[in-house]
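Values reported hereafter were calculated over all heavy atoms of this structure, with side chains retained and with hydrogens, waters and symmetry mates removed. Both counts, for ligands and for their atoms, begin at 1 and track the order of listing. All of these numbers come straight from a predicted model, not from anything done at the bench.
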Amino acid sequence: MRDDLNFLHMDLDAFFASVEELDNPKLKGHPMVVGGKSGRGIITTANYEARKYGLHSAMPIFMAKELCPHVIIVPTNHQKYRKKSDQVFKVMEKYSNTIEKMSIDEACLDISHIDEDPVKLARYIQRDVYKETGLTLSIGISYNKSLAKLASDWNKPKGVFVIRKNMVPRILEDLPIEKIAGIGTKTKEKLNAFGVYKVSELLQLSLPFLKKNFGKQGEVIYNRIRGVDERAVETTRVRKSLGIERTFPKDIDRASELVKLLKSFAEELSFDLKKRNILGHTITLKIKFNNFETITRSMTLDNPTNEFKEIYLRGYYLLRTVDIQRPVRLLGLTASNLTDDDIVQISLWDFNELNSPYDK
Ligand code: TTP
Ligand code: MG
């Protein structure tokens, strides 16, 4: 029985720092922070060793050095983290088609279709992510979205925590109010001014009082701390294809001109794919003749690509297969079967026991 525990929230542990440690294992076990180089001189994240010295996200580097003189500072490399993040989300997509990516390192999954003990399920996912990416993460499971998020933060790192209906609101009482989703810095300060610091104190405030002082958000907060949050997991739109398609003002009747256009389409497509950090597995050429007859030709590559040269050569090859008897009114070049669009169904029990960091 799922017992209404249909929301799973995952959040990677010390994400940027963990990726850097994977790249350079010598960093492991030493206090290390990522940041600094890109100008602003602040920490994006600290590994767990550095956190022992009080180092944390958004702290200026100079302060980090004061608190921990031997801290190692690694420059930020967003492209690297984006790639790793894509790999993690790909694993998540094996477990659910309904995924809301909340940031580069966290997502909420609707798991209502999976009839498995929640803790076991979380452990399967943790192992699977570790196996695929070498990263560890924490997972929270609950009967609504905000509680699942709260739960994923409960036992970091490598944590799993389940918040069931009968645990609320008691389990929230000792938390500082800013832990509740929907209470940002401003709301926190205003509530502090009313002498409210802990959720137990917030629970004493009436709905009319909260509404009067905080408007609609007051009602949201009133409900959240009582475990009421009706929001569904909103699937982040997964792009199926990316392409360029253009109808020309004047029909094209020269092959050389068509090739020239194809080349510029390939350049543009390569640029767009790279900008979004995605790769296409399938390249499709579309041609519409001046009598509106339309032809499409596709080719699937062994390895997905976003390189201009590869896209152009494939497009050119496809163009050569078309018998161009008439002037062309429209040309299209599309990449599909994109890398972050690969939803693979797996059996939850279908993986080998691993030498995993979760095995104590
Ligand atoms: P978080 O999940 O908040 O932090 P984290 O993954 O480093 O650590 P935790 O184990 O506590 O989850 O953020 C994810 C990444 O986002 C983080 O690795 C770096 C980046 N980030 C910033 O660049 N600036 C910030 O202020 C924060 C909070 C995060
Ligand atoms: Mg994180």
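Atoms of ligand 1 lying under 4.0 Å from at least one heavy atom of Ser57, given by number and element, are 25 (C), 26 (O), 27 (C), 28 (C). If you number the atoms of ligand 1 from 1 as listed, the ones under 4.0 Å from a heavy atom of Thr45 come out as 5 (P), 7 (O), 17 (C), 18 (O), 19 (C). The distance from ligand 1 to the heavy atoms of Asp11 drops below 4.0 Å at these ligand atoms: 2 (O), 12 (O). In the vicinity of Thr44, heavy-atom distances shorter than 4.0 Å reach the ligand 1 atoms 19 (C), 21 (N), 22 (C), 23 (O), 24 (N), 25 (C), 27 (C), 29 (C). Remark: ligand 1 atoms within the under-4.0 Å shell around heavy atoms of Tyr48 are 9 (P), 10 (O), 11 (O). Heavy-atom contacts of Asp13 reach the following atoms of ligand 1: 10 (O) (cutoff under 4.0 Å).
Remark: Leu191 CG to Lys198 NZ distance equals 15.0 Å, nearest 0.5 Å. To the nearest 0.5 Å, atoms CD (Glu21) and OH (Tyr48) are separated by 11.5 Å. For the atom pair Leu55 CG and Thr45 OG1, the distance stands at 10.0 Å (nearest 0.5 Å).
Annotation for Lys80: atom NZ counts as buried by contact number, over 12 foreign heavy atoms lying within 6.0 Å. Crowding of Arg320 atom CZ: a count of heavy atoms from other residues, nucleotides or ligands under 6.0 Å not exceeding 12.
In this structure, Glu49 contributes its side chain and Met32 its backbone to no donor-acceptor pair below 3.5 Å. Between the Asp4 side chain and the Tyr143 main chain, no donor and acceptor come within less than 3.5 Å of each other.
In terms of polar-atom proximity, defined here as any N/O pair under 3.5 Å, Phe16 does make such a contact with ligand 1. Inclusion of Phe15 in the set of residues having an N or O under 3.5 Å from an N or O of ligand 1 is warranted. For ligand 1, the polar-atom distance check against Leu12 finds a nitrogen or oxygen pair separated by under 3.5 Å. Annotation: Lys156 places an N or O atom under 3.5 Å from an N or O atom of ligand 1; distance criterion only. No N or O atom of Ala58 sits closer than 3.5 Å to an N or O atom of ligand 1.
Residues Lys156 and Asp13 are paired through a salt bridge, judged by an N-O separation under 4.0 Å between the basic side chain and the carboxylate. Salt bridge absent: Arg326 and Glu293 never bring a charged side-chain N and a carboxylate O closer than 4.0 Å.
Considering only non-hydrogen atoms, atom 8 (O) of ligand 1 lies nearest to Arg51 out of Glu20, Glu106, Arg51.
Under 4.0 angstrom from ligand 1, there are no non-hydrogen atoms of Val34. Residue contacts with ligand 1, taken as heavy atom pairs separated by less than 4.0 Å, do not involve Lys158 at all.
Put simply, atom 21 (N) of ligand 1 has protein non-hydrogen atoms near it, under 4.0 Å away.
Of the protein's non-hydrogen atoms, the one nearest atom 2 (O) of ligand 1 is Asp105 OD2, 2.9 Å.
Look at Tyr81 and you'll find every heavy atom at least 4.0 Å from all atoms of ligand 1. Not a single heavy atom of Pro157 sits less than 4.0 Å from an atom of ligand 1.
An angle of 80° is found at the Mg ion (ligand 2) between Asp11 atom OD1 and Leu12 atom O, rounded to 10°.
Ring planes of Phe194 and Phe209: perpendicular class, angle over 60° (limits at 30 and 60°). The aromatic rings of Phe16 and His78 lie perpendicular to each other, with more than 60° between the two planes, well past the 30° mark. Using the six-membered ring where Trp is involved, Tyr312 and Tyr316 have ring planes that are tilted, between 30° and 60° apart.
In terms of distance to the Mg ion (ligand 2), the nearest N, O or S atom of Asp105 is named OD2.
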